[in-house]
Amino acid sequence: MNTTVHIAGAAMTPFARHDDKSMQDLVQAAVLGALADAGLEPGNVQAMYSANVYGGMILGQVLARDLQITGPALYNVENACASGATAVHLARQALQLGVYDTVVVWGVEALTQLGGGTIPLQRNDYKTQLYADQGMTLPSVYAMRAMRYLYERGESPEILARVAVKNRAAGARNPYAQQRKEVTLEEVLTSRPVAEPLTLLQCCPSMVDGAAAVVLTTKQTKGMRKAVRILGSAVQSGHQELGCEDILDAEITARTARKAYEEASVPPTDVDVVELHDAFTIAELLYYEALQLVPPGEGAALLRRGDTALGGRVPVNPSGGLLAKGHPLGATGVAQMVEITWQLQGRATGRQVEGAKIGLTQCTGGGIAGVDHAASSVHLLGV
């Protein structure tokens, strides 16, 4: 399957508390924006992929009805936090097979409806239910990883706080980010404790709504700017953990990244800009190494040198990442694609990574007992 798939249009809503907007409103803004960006009309769409986690049954059809795009195939995709990225992966496969030549992919979530607090663990699995009954939450899972990281690497909590400072500084430059205020190391470290050593400013916001959309095509469109190609796309599920596991080994992400790099024929050293899944500060440090941006054990040094900040060797999360931009689950993976598309086309005003030609997006999804993560997706985009 050597057919080239382009991102012809990309758009998103600001990620924020949209108390006055429905999911229909959010998706309409994102999808119509992406179609306009591509210079296409709704009638050009041959299939739709709708990514969401908490919206309920046949949500995509409800949203498409109000978009007045009815009739074409519509696929509802749920893969936890990796839903949006998984939808792009599936859409690309269909395009490469020649099933369609133009499709639209959107992701949407309205988390404010859940009332805030931690996202609940899976409750349809007896093993995960045992964990939840003992008080396990996603922040506590990542806190255990953070504690182990500090112990094994001889670091202090300051290294975790540096991730939040960097990403919130980037978010302050992004009009689509929910959190647009820079913070200091002291403010991060003294913010409300959540799960030691993680503090509030080291956790992504959970009261956030938003939508993002991309138009994928194998054809040239009249509105297409600098063509952004999907060079590599991989989705993997987690291996069952049968014994003691290294909780610092992001195995599923490393495995998914290797497949994406291989398909794209792109070495990690060629990546110019990255949007990764920094739901908690420790995650970004672990993913530096899993994505081979740096050899094992050198993630903290990469951060301290400023290599992953705007203006650094390989800026990571110039959008502000999940920590600042926010994390409306179904929308996140598509929003990462939107950001990288804008970066590669020179349209990321205020946070532009100059000269970027290769970008990477990475999303993991799902916390269930017995596996690293339920899902992981890595995409490589290029111009």
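- Linking Ile, Leu, Val, Met, Phe, Trp and Tyr residues whenever their side-chain heavy atoms come within less than 4.5 Å leaves I252 and L380 in two separate clusters.
- D133 and Q129 share a donor-acceptor pair across their side chains, judged by distance under 3.5 Å alone.
- Salt bridge present: R92 and E263 bring a charged side-chain N and a carboxylate O closer than 4.0 Å.
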Applying salt bridge (Lys or Arg N to Asp or Glu O under 4.0 Å), run through R347 and D37 and close with a yes or a no. CA-CA 12 Å; R347 294 198 281 159; D37 195 42; 3.0 Å; yes

Before giving the answer on side-chain contact (heavy atoms from CB on, under 4.5 Å), spell out for T308 and K166 the whole-Å C-alpha distance, their side-chain angles and the decisive distance to 0.1 Å. CA-CA 8 Å; T308 58; K166 173 183 74 72; 3.5 Å; yes

Test L303 against R305 for side-chain contact (heavy atoms from CB on, under 4.5 Å), laying out the working first. CA-CA 6 Å; L303 177 65; R305 288 195 301 267; over 6 Å; no

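- Considering only residues two or more places apart in sequence or on other chains, R17 meets the side-chain hydrogen bond (donor to acceptor under 3.5 Å, both in side chains) condition with none of them.
- Here the CG atom belonging to N317 is positioned 11.5 Å from the OH atom belonging to Y287, to the nearest 0.5 angstrom.
- In the hydrophobic clustering, M57 connects to I58, either directly or through intervening members, whenever side-chain heavy atoms lie under 4.5 Å apart.
- For the pair S22 and L26, the minimum side-chain heavy-atom distance is 4.5 Å or more.
- The ring-ring contact (aromatic ring centres under 6.0 Å, His included) search around Y49 returns Y75, not counting sequence neighbours.
- Considering only residues two or more places apart in sequence or on other chains, E78 meets the salt bridge (Lys or Arg N to Asp or Glu O under 4.0 Å) condition with none of them.
- Within the 3.5 Å criterion, the main-chain N or O of V27 finds no donor-acceptor partner in the side chain of D25.
- Under the 30°/60° scheme for interplanar angles, the aromatic rings of H379 and H89 are found to stand perpendicular.
- At least one side-chain heavy atom of K226 sits less than 4.5 Å from a side-chain heavy atom of Q345.
- Partners of E187 by salt bridge (Lys or Arg N to Asp or Glu O under 4.0 Å), not counting sequence neighbours, listed by chain and number: K181.
- Y149 meets the ring-ring contact (aromatic ring centres under 6.0 Å, His included) test with no other residue; sequence neighbours excluded.
- Residue L185 is found in a hydrophobic cluster whose other members, listed by chain and number, are V165, V183, V188, L201; membership requires side-chain heavy atoms under 4.5 Å apart, directly or through intermediates.
- Panel note: side chain D272, backbone I358; a donor-acceptor pair is recorded below 3.5 Å.
- Interatomic distance, E251 CD to T256 OG1, rounded to the nearest 0.5 Å: 8.0 Å.
- Applying the side-chain contact (heavy atoms from CB on, under 4.5 Å) test to A212 and every residue at least two apart in sequence or in another chain returns M12, V334, A335, V338.
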Might you work through the side-chain contact (heavy atoms from CB on, under 4.5 Å) test for T199 and T190, ending with a clear yes or no? CA-CA 7 Å; T199 60; T190 59; over 6 Å; no

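- Distance alone, capped at 3.5 Å, places no donor-acceptor pair between the Q178 side chain and the G326 backbone.
- Residue T217 forms a side chain to side chain donor-acceptor pair (under 3.5 Å) with just one option from T4, T102, D101, N44, and that option is T102.
- Checking each of S377, C81, S376 against T364 for a side chain to side chain contact (heavy atoms under 4.5 Å, CB included) leaves exactly one that passes, namely S376.
- Ion pair E339/K325 not flagged as a salt bridge, since none of the NZ, NE, NH1 or NH2 atoms sits closer than 4.0 Å to an Asp/Glu carboxylate oxygen.
- A salt bridge links E158 with R304; the closest basic N to acidic carboxylate O contact falls under 4.0 Å.
- Looking at E284 and N167, their side chains do bring a donor and an acceptor atom within 3.5 Å of each other.
- L323 is not listed as a side-chain neighbour of Q179, based on a closest heavy-atom distance of 4.5 Å or more.
- Shown here are the ring-ring contact (aromatic ring centres under 6.0 Å, His included) partners of H327, two or more places apart in sequence or in another chain: H277.
- Here E109 pairs with nothing under the salt bridge (Lys or Arg N to Asp or Glu O under 4.0 Å) rule; sequence neighbours left out.
- Checking side-chain atoms of N52 against main-chain N and O of G55 turns up a donor-acceptor pair under 3.5 Å.
- Every residue two or more places apart in sequence or in another chain was checked for a ring-ring contact (aromatic ring centres under 6.0 Å, His included) with Y288, and none qualifies.
- The closest side-chain heavy-atom distance from D209 to P328 is not below 4.5 Å.
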Run the numbers on E289 and R153 for salt bridge (Lys or Arg N to Asp or Glu O under 4.0 Å), then give the verdict. CA-CA 13 Å; E289 299 174 20; R153 304 295 174 85; 2.9 Å; yes

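- Rounded to the nearest 0.5 Å, atoms CG (L150) and CZ (R145) are 14.0 Å apart.
- Within 6.0 Å of atom CZ in R173, 12 or fewer heavy atoms from other residues, nucleotides or ligands are found, so the atom counts as exposed in its surroundings.
- With hydrophobic clusters built from ILVMFWY side chains whose heavy atoms lie under 4.5 angstrom apart, F280 shares a cluster with L302.
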T341 and V228: side-chain contact (heavy atoms from CB on, under 4.5 Å), yes or no, with the steps? CA-CA 6 Å; T341 296; V228 175; 4.0 Å; yes

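- Atom CD of E262 is surrounded by 12 or fewer heavy atoms from other residues, nucleotides or ligands within 6.0 Å.
- In the hydrophobic cluster analysis, where Ile, Leu, Val, Met, Phe, Trp and Tyr join through side-chain heavy atoms closer than 4.5 angstrom, V5 is grouped together with L97.
- Looking at Y142 and T281, their side chains never bring a donor and an acceptor atom within 3.5 Å of each other.
- In this structure the side chain of I230 reaches within 4.5 angstrom of the side chain of L216, judged on heavy atoms.
- In the hydrophobic clustering of this structure, V271 groups with L276; members are Ile, Leu, Val, Met, Phe, Trp, Tyr whose side-chain heavy atoms approach within less than 4.5 Å, directly or through other members.
- For R258, there are no salt bridge (Lys or Arg N to Asp or Glu O under 4.0 Å) partners at least two apart in sequence or on another chain.
- Counting only distance, with no hydrogens or angles, the side chain of T112 and the backbone of M207 share no donor-acceptor pair below 3.5 Å.
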